[in-house]
Amino acid sequence: MKQTMPVRPEAENSSAASGRVADENRQDAFVDNRTTAAAQRKLAYEIDRSPRMAAQRRQSGMQPAFQIRGIPMDRNEPASARPAMQNQPVQREVRVDSLDDGAEFEVTDFVPKHFGFTSAGALIYRKWLKDGVDHHYATKQQLVAAIEALARPSRQSFGGIFAHAAQQAGVDIHWLEQYLTDMGGTLQTLNLETPEMIVEKIHVRNPNSTISVEQIEDFTLQELMEQILLSNIMTQSCGQTANLIHEFLAPSTTGVAPVEMDLSAVISAIRSANDKSASELKHQNVKIEGGGHAFVVEVFNDRGKIFQSFFGRYSFAKDLERNKSYPLGQFVQKLENALATTPVSATAPAKVDAARIELFNSGAVHPDGKFRINIFASESNVEQRIANKFAAQSNVWNPRLGDAAKDHLHNGEPEDAMDGPPVTILDYEFKVIGMTLDFGDINEDVIKNGGLDIGATAMLDAYRFVLKSKTATNYRFEYDPA
């Protein structure tokens with residue numbers, strides 16, 4: 001292979017003449033010179049990389065030869081002048097005419113590190129080295145841009161899908177989230193509130209609000225819900241939101257039991273999911289439960305984000321509006337800090353608290369080092385599943401929203417249509433022992449003896465509750481109407 005090396009003019013002419021004779025001789029007969037050619041390439045490579053040649057290049061200002069697949073080549077030599085290996089398929093090349101930043105063309109596992117490819121881009125680059133096509137670009141930036149343009153997901157992020165579904169339904173994302181929830185549960189919640197309580201909650205979130213008790217009392221259900229959604233004072237539980245997202249993204253996997261693991265394994269699972277997203281060009285998702293919180297991590301091609309709600313603090317739609325996405329390395333570092341084990345009674349270290357506020361918009365999580373996760377890829381027809389549920393729920397919600405009645409709050413008796421306990425979610429937060437649960441068949445002795453397993457049931461009056469999540473310091477039960 002020709003090298004960029006200082007040569008005498010007569011030597012160059014002699015070499016060119018010899019080359020022409022060799023070319024003429026090769027027209028009539030095949031010469032198997034693979035062993036000789038390989039030895040020559042090896043020798044040329046060693047010479048080009050020797051300290052003596054490096055010194056000559058520095059003195060003369062010459063550019064070093066750069067390589068594809070370990071074969072040195074002259075950067076200024078046209079591809080047509082480069083001989084192919086004997087008895088091998090023609091190897092097309094990835095070429096650039098100039099390196100804009102002056103850096104050498106370095107090959108590590110066939111991928112130039114300083115080109116800055118994403119994981120998906122690096123995989124595409126490797127394919128280009130073997131696909132038999134001459135990928136020729138004027139500059140490194142053009143090459144990288146062309147490859148990264150192909151490193152796109154086959155489908156949108158769930159956030160984009162959800163926003164588009166809302167647009168197609170003719171509602172905003174807050175109303176879409178509300179439509180997708182159980183209306184009976186919403187009415188039960190409202191029946192526990194008084195107009196005074198609603199106004200107080202609104203003023204806590206927005207001290208400048210001028211809303212009055214009299215206005216709340218005069219609202220229809222539609223007007224009341226609009227005010228509540230605007231003020232973000234009604235939220236679903238984090239577990240309900242995470243499960244709903246799971247059902248929309250990958251319904252075929254919702255029956256798969258979660259895997260229990262520690263924090264280091266959770267981080268490794270997220271990195272592995274990212275690698276898979278790069279190879280398949282498809283978003284991968286990790287549903288995580290633990291520490292009194294549940295959420296879905298979405299990763300794709302070296303970036304990560306969280307989809308979540310936080311009971312009593314913010315809705316899924318409100319969190320979606322933040323639209324925070326992070327480079328994967330930065331994301332897993334923040335998540336590792338946020339999920340660090342901290343006792344409820346202790347103040348979290350500054351970096352841990354900052355990470356929780358950043359990712360969860362709340363410091364009220366208390367991981368104990370144990371997590372339950374599900375990993376799943378985004379399946380097709382996600383938006384259609386959202387649309388189907390919206391259509392079904394619209395048949396339930398719209399007649400009530402069109403009703404002019406104004407007795408939805410706790411001004412009198414709860415609505416007859418309600419069926420279920422007055423509270424559908426029961427959170428218990430405790431240090432170690434010393435508290436009694438509200439259930440008649442469970443008390444602190446259960447906690448002393450190791451607590452309950454996820455899925456354990458308990459009765460409150462005549463209503464059945466199921467333990468959905470727990471940590472060493474927290475139990476969360478949800479009403480099970482089944």
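All figures in this text were calculated on a predicted structure; none of them were measured in a lab. We count residues from 1, following the sequence as given.
Considering all non-hydrogen atoms of both residues, K305 and S157 come closest at NZ-OG, 3.9 Å. For the pair P195 and E217, the tightest heavy-atom approach, listed with the atom from each and the gap, is CG-CG, 3.6 Å. Of all heavy-atom pairs between I211 and I202, the closest is CG2-CG2, 3.8 Å. Nearest heavy atom pair, residue I147 against residue G121, reads CG2-O, 3.3 Å. Considering every non-hydrogen atom in both L359 and R322, the closest pair reads O-NH2, 3.2 Å.
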Given ring-ring contact (aromatic ring centres under 6.0 Å, His included), test F316 with F162 step by step and report yes or no.
-> CA-CA 11 Å; F316 164 67; F162 194 86; 5.0 Å; yes

Pair R372-I454, side chain to side chain contact (heavy atoms under 4.5 Å, CB included): steps then yes or no = CA-CA 10 Å; R372 301 166 69 246; I454 299 297; 3.6 Å; yes

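At least one donor-acceptor pair under 3.5 Å links the side chain of T254 to the backbone N or O of P251. Panel note: side chain Q240, backbone S237; a donor-acceptor pair is recorded below 3.5 Å.
Between F248 and F158, the ring-plane angle classifies as parallel under the 30° and 60° cut-offs.
Proximity of I173 to E321: side-chain heavy atoms (C-beta onward) are separated by under 4.5 Å at one or more points. Contact check for I216 versus F219: side-chain heavy atoms found under the 4.5 Å cut-off. Under the 4.5 Å side-chain criterion, counting only non-hydrogen atoms from C-beta, D403 is not in contact with T220.
Taking the six-membered ring wherever Trp is involved, the centroid distance between the rings of F360 and F295 falls below 6.0 Å.
Side-chain N/O atoms of Q308 and H293 include a donor and acceptor closer than 3.5 Å. Side-chain N/O atoms of R356 and T342 include a donor and acceptor closer than 3.5 Å.
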